[in-house]
Amino acid sequence: MNHHSMRLRGLVAVAALVLTAGCGGAEEDGKGAAHGGDAAKSAAPKGPAMREVKAPVRFSTQQSVALPDSAGAGNVAIAGLQHPLPVAPHKGMVVIARPDGMEIANGYRKADPVLITPKHEPLTAIDDLGAVVGSNPARRPVITEHEGKTLALSSVVTDVPGSGTTKGHHEVELIAAELDADGGAAAKAWSARVPLGEMEYSLDVDEEDTEVVGVTGGIATVYAQGRLFGVDLGSHRKVWTAPGTYAEGAVLAGGRLVALRDHEGGDRRPVGLDPADGRQKWVMDDLAADDLTPAGPGTVFVGGYLTGDDEGEEEAALIDAATSKKIRTFDETTQSGECAYDGRSTTVCSVGDSVTAYDSGTGKVRWALPDKSENRVAPKVTLVRAGLVYGTTENGPVVLDSTTGADKENDPGIAPYFSDGYIGIALAESDNTVTAYRVER
């Protein structure tokens with residue numbers, strides 16, 4: 001599910017992957033000048049071909065790999081997962097965003113991970129997190145294809161020391177690692193560093209807050225300290241800065257960058273920006289919004305309070321991300337929750353002990369649980385992906401069809417929080433260690 005708590009939201013490789021750390025790669029200084037060397041890659045010993053299942057319904061609890069401690073640091077407690085994990089699997093590899101860099105592990109077989117660190121001192125180190133759940137500011141990395149290469153992207157806010165008459169300052173460093181699943185290797189590719197100005201925000205933003213929103217048209221959108229930036233993946237340079245300050249959790253959909261921008265009076269307005277240059281394309285002045293989540297390739301959910309004649313009245317709406325046109329509005333009975341898109345045509349939302357599935361394009365309800373007439377309960381959803389809903393009930397893990405809500409598999413082995421068709425990632429039942437399990441079918 002998505003890492004923000006919001007109303008209506010969320011949310012072929014062969015060989016073993018023996019990964020060694022790469023310490024080189026091109027970097028960018030504050031003006032965008034590239035420097036640095038090539039990062040070495042290590043080939044993996046040959047092994048059996050890895051098994052891929054596009055939409056897996058069973059995972060092997062006998063073939064598992066415990067991931068590095070960083071995968072659960074600051075996010076996992078004795079009671080289980082309390083905060084979304086900053087991890088992304090890719091063809092058996094697992095990319096872990098850390099507050100002090102990036103770590104790339106093998107989720108298919110045991111192997112040494114890659115650790116990539118930023119140029120300057122991060123504001124928060126992994127060892128600083130302690131046992132406080134929710135203390136890890138790292139957000140899920142983004143995996144993208146660019147010019148024939150697979151890149152993993154994450155961002156870190158660092159402290160640049162002063163020198164002479166030059167004041168010290170913060171900067172956000174976008175780290176790019178190249179993933180070579182077929183060759184069984186990973187290494188740092190480059191990094192781009194963007195200086196951050198004086199703090200201009202007054203709402204719920206912390207100085208270490210940063211995330212890679214996504215990539216479109218070869219431009220990565222990066223969020224840091226309330227600001228939005230565009231970084232060109234080819235030149236490794238910042239190409240735009242969006243005016244204003246924003247909430248965390250912007251969304252790329254329908255050819256737009258949809259975000260909640262700070263507005264006078266202490267609230268926020270939904271805006272649609274052009275991800276190519278950061279310029280505003282639309283704004284919803286009639287909604288003081290506090291909720292935003294992706295609903296489909298071209299739609300998003302927004303929620304908040306109406307302004308104008310109906311000031312103070314709650315509203316949640318499914319909107320066209322390209323134009324801000326409201327496709328469907330929801331009445332006051334709509335409750336706070338978390339939503340996730342299944343990658344096909346359905347958005348699944350959870351709130352309390354209920355789960356509701358909507359058509360991602362129209363907002364029409366497709367199914368809902370619990371269903372007393374059928375003696376069915378709602379699962380606690382862990383993942384929505386590839387036309388499936390994974391979760392747990394008092395009977396254990398379960399997999400549902402996201403379009404119909406029907407049970408698809410009642411013995412999946414685990415209820416994964418992430419999957420790439422090669423592995424599923426869940427907490428080990430014995431000690432809550434973040435663990436990767438191979439798919440079976």
Side-chain angles (χ1 to χ4, degrees), residues 1 11-14 16-17 47-69 71-72 75-96 105-111 140 181 338 340 342-344 346 348 350 355 357 369 376-441:
M1 303 294 287
L11 243 172
V12 179
V14 296
L17 302 175
M50 294 168 60
R51 176 179 175 80
E52 179 188 16
V53 179
K54 296 293 185 182
V57 295
R58 294 198 68 175
F59 301 84
S60 173
T61 56
Q62 304 303 312
Q63 295 177 299
S64 63
V65 174
L67 298 178
D69 291 343
N75 291 316
V76 177
I78 295 175
L81 180 67
Q82 301 295 313
H83 196 70
L85 301 176
V87 307
H90 174 72
K91 294 185 177 181
M93 303 167 109
V94 180
V95 182
I96 305 166
N106 186 334
Y108 209 78
R109 297 182 180 88
K110 294 180 180 180
R140 187 182 182 188
E338 291 188 339
D342 75 342
R344 295 185 179 177
T346 303
V348 179
S350 300
V355 177
L369 290 173
R376 298 182 67 205
V377 299
K380 180 179 179 181
V381 176
T382 58
L383 174 65
V384 179
R385 175 189 179 273
L388 299 174
V389 179
Y390 302 87
T392 59
T393 70
E394 61 182 12
N395 301 316
V398 65
V399 183
L400 278 61
D401 184 297
S402 62
T403 303
T404 66
D407 287 10
K408 188 87 170 180
E409 174 59 56
N410 294 328
D411 186 21
I414 62 168
Y417 291 100
F418 305 96
S419 180
D420 60 353
Y422 294 84
I423 57 174
I425 298 175
L427 303 185
E429 188 173 346
S430 59
D431 58 5
N432 280 345
T433 297
V434 182
T435 304
Y437 299 86
R438 294 187 192 181
V439 301
E440 284 188 343
R441 64 175 176 85

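The structure presented is a predicted model; accordingly, all values stated were derived computationally and were not measured.
Between the D420 side chain and the G92 main chain, a donor and an acceptor come within less than 3.5 Å of each other. Between the side chain of S60 and the main chain of Q62, a donor-acceptor pair closer than 3.5 Å is present. Distance alone, capped at 3.5 Å, is enough to place a donor-acceptor pair between the S419 side chain and the I423 backbone. Counting only distance, with no hydrogens or angles, the side chain of N432 and the backbone of I78 share a donor-acceptor pair below 3.5 Å. Using a distance-only test at 3.5 Å, with no hydrogens or angles considered, a donor-acceptor pair links the side chain of T382 to the main chain of P416.
Shown here are the side-chain contact (heavy atoms from CB on, under 4.5 Å) partners of P412, two or more places apart in sequence or in another chain: P397, V399, E409. Residues satisfying the side-chain contact (heavy atoms from CB on, under 4.5 Å) criterion with V377, sequence neighbours excluded, are T393. Qualifying side-chain hydrogen bond (donor to acceptor under 3.5 Å, both in side chains) partners for R344, counting only residues two or more places apart in sequence or in other chains: none.
With contacts defined as side-chain heavy-atom distances shorter than 4.5 Å, the pair K54/E52 qualifies. Taking 4.5 Å as the limit, some side-chain heavy atom of V57 sits within range of a side-chain heavy atom of L388. When side chains are defined from C-beta on, E440 does not count as touching Q63, because their heavy atoms never get closer than 4.5 Å. With a 4.5 Å cut-off on side-chain heavy atoms, I414 and S64 do not count as touching. Under the 4.5 Å side-chain criterion, counting only non-hydrogen atoms from C-beta, V381 is in contact with V355. Put simply, the side chain of Y390 does not reach to within 4.5 Å of the side chain of K408, judged on heavy atoms. Counting heavy atoms from C-beta on, the side chains of F418 and R140 come closer than 4.5 Å. Contact of the P379 side chain with the V398 side chain is registered, since non-hydrogen atoms from C-beta on lie closer than 4.5 Å.
Other residues, nucleotides and ligands contribute only 12 or fewer heavy atoms inside 6.0 Å of the CG atom of D69.
With Y417 as reference, L427 is the one residue of L427, L383, I425 to meet the side-chain contact (heavy atoms from CB on, under 4.5 Å) rule.
With respect to the salt-bridge test (charged N to carboxylate O, under 4.0 angstrom), the residues D411 and R58 qualify.
Y422 does not carry R438 over the face of its six-membered ring by the limits of under 6.0 Å from the centre and within 45° of the normal.
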